[in-house]
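Step one of this worksheet: look at the structure below.
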There are 2 protein chains.
Amino acid sequence: MSETVYPLAGAAALERRGLRDRVYDLVLDMLMTADLAPGTRLSIDAIARDLKVSPTPVREALVQLERTGLVTREALKGYRVAPPLAAEQLEALFDARLVLEGGATELAARHAEALVPQLEQALAEHVEISRLVHETAARGEKLSLGLIRDYFAIDWNFHHLIFAGTQNPFLIDMSEAISTRVHRMRQTVKSGVSDADEAVIEHGAILEAFRGGSSDTAAAAMRDHIERVRERARRDVASS
Amino acid sequence: MSETVYPLAGAAALERRGLRDRVYDLVLDMLMTADLAPGTRLSIDAIARDLKVSPTPVREALVQLERTGLVTREALKGYRVAPPLAAEQLEALFDARLVLEGGATELAARHAEALVPQLEQALAEHVEISRLVHETAARGEKLSLGLIRDYFAIDWNFHHLIFAGTQNPFLIDMSEAISTRVHRMRQTVKSGVSDADEAVIEHGAILEAFRGGSSDTAAAAMRDHIERVRERARRDVASS
DNA sequence: CCTTCATCTATCCTATAGGATATTTGGCAC
DNA sequence: GTGCCAAATATCCTATAGGATAGATGAAGG
């Protein structure tokens, strides 16, 4: 008796999750880190055996993943890792980002006061991990998958904070759809870590614009950043 | 024997669908037409009994619906019809539409030549059904659910064509997320049919801008249209 | 009369089983 | 050796069963 009951501390944060959700996280993580060749079959039974669960929750997790665009489904044939983004689709992705993130930046500027300190924090982390990457590279070591993963997470966090700053649940939802595609693109396109310095500078310009309080200036800085990322990605594709 | 086999005619269009997909369509239709009170429980077993299928495909269809925002899920508690859009969320929805549809209109202007005839067709249908609505109202008859449904479909078709005109799969995906929410909003907000004349005029202005070929003008016309719809929706909410 | 606790029912969640479909393997004919 | 067909295997898809959890009902105590 007399079990220690932790009262309300963060009770709202504790949201119960079924097995389905955990399988979803695991498969998502698997798709993000281990770069599977596009078109690889994702056998439901095989995944179920691997994770020691029944096919049912796996099936549901894959239905959910299908809506993110990371996997494709053909009825009665199964799921596959989504094909890589063709050059045309890469352009479309950046067009969509220009629309979405440009607009989101304008809206987020309404709450700039709350947003600026968060972006400062995110940028500081970005600077820090860039330094780490450079040091590792200078020592001639190969960048560990974990480090690359962390770098991408921190880089995207800056963009994510801006979406969150709009306080618009619909835009935040859409940002997640974009997010998965951007992460996937970075697996195929080599770049992403090599342009760390430029990314930091451009993020800094966006932050500065937020400090200024002009939504138009901030949106312009964001659009400029995305266009530059697009250019760097184009060069990478061309050189591969 | 000797079954009549229809050869290749439109074979590409015939895409095989599992039971899961049919259940999805049925539940989606049910959510769109029969206006269920928000918060209504969607029992998996009950739906399965209704449709004479096992719970498994129903469960998968609901997972898919969850991503559209039409239903909400609480682990171990089940699915419910999504709560109605609060005033705040209504504003957020229009903000998101301004960003998305404004941007999409700019991009669609690149392919204006192909788009204009389609929009002309859509607008003609819009005019036609508006006339029908007016006649029905003039006779003092109550508007049938089918007529209202058709009106909404035709109205939204104009917006959908513009998304399709971007030829951007990512934006088209996002438009579907918006579409379900807009349809749902129209169930709660009374307006939508009453402003038929204004909608036709504003759509006409967008079409005219596309004919002119200026992407900025077209985007401005679209944003103006959405802002006006927002205003009309606000008035409706206030008067209820 | 109201609160509290136990029991009971309904529902969700996961696991297992079997039929249906796709894919692969092996063999045969050319 | 190459192309085609058939059987075997693997996989997907739906159905059913049982354990687990949430909500409801009813009784006991204050």
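- Regarding A:Glu74, its CD atom lies at a distance of 15 Å from the C1' atom of D:dC13, rounded to whole Å.
- Taking only side-chain nitrogens and oxygens, B:Ser54 never comes nearer than 4.0 Å to OP1 or OP2 of D:dT14.
- B:Gln64 and B:Arg20 share a side-chain donor-acceptor pair at under 3.5 Å.
- Position along DNA chain C of the nearest nucleotide to A:Asp21 versus A:Ala75 favours A:Asp21 as the more 5'-ward residue.
- A:Arg20 comes within contact range of the sugar-phosphate backbone alone, with a heavy-atom separation under 4.0 Å but no base atom that close.
- Contact annotation: B:Lys77 side-chain N/O to D:dG23 OP1/OP2 distance is under 4.0 Å.
- Between B:Ser43 and C:dC12 there is a side-chain polar atom (N or O) within less than 4.0 angstrom of OP1 or OP2.
- Across the protein-nucleic acid pair, B:Arg22 atom CZ and D:dT14 atom P stand 8 Å apart, rounded to whole Å.
- Between the CD1 atom of A:Ile44 and the P atom of D:dT11 there is a distance of 11 Å, given to the nearest Å.
- Rounding to the nearest 0.5 angstrom, the gap separating the CG atom in B:Asp29 from the CE atom in B:Met32 is 9.0 Å.
- A salt bridge links A:Asp155 to A:Arg186: one of the charged nitrogens lies within less than 4.0 Å of a carboxylate oxygen.
- At a threshold of 4.0 angstrom between heavy atoms, the contacts of B:Leu62 with the nucleic acid are absent.
- Residue contacts for A:Ile47: at a heavy-atom cut-off of 4.0 Å it reaches no nucleic acid atom on any strand shown.
- The side chain to side chain contact (heavy atoms under 4.5 Å, CB included) test with B:Val71 is passed by exactly one of B:Leu28, B:Leu31, B:Val27, B:Thr40: B:Leu31.
- As a whole-Å value, the separation of B:Arg41 CZ from C:dC12 C1' is 9 Å.
- Rounded to a whole Å, the CZ atom of A:Arg59 is 9 Å from the C1' atom of D:dT14.
- Spacing between atom CG of A:Leu19 and atom P of D:dT21 amounts to 13 Å, rounded to whole angstrom units.
- Remark: C1' of C:dC12 and CD of A:Glu60 are 11 Å apart, rounded to the nearest angstrom.
- Residue B:Ala46 is out of contact with every strand shown, counting any heavy-atom pair closer than 4.0 Å.
- The aromatic rings of A:Phe152 and A:His183 lie perpendicular to each other, with more than 60° between the two planes, well past the 30° mark.
- Taking atom CG on A:Asp45 and atom P on C:dT21, their separation rounds to 17 Å, with Å as the unit.
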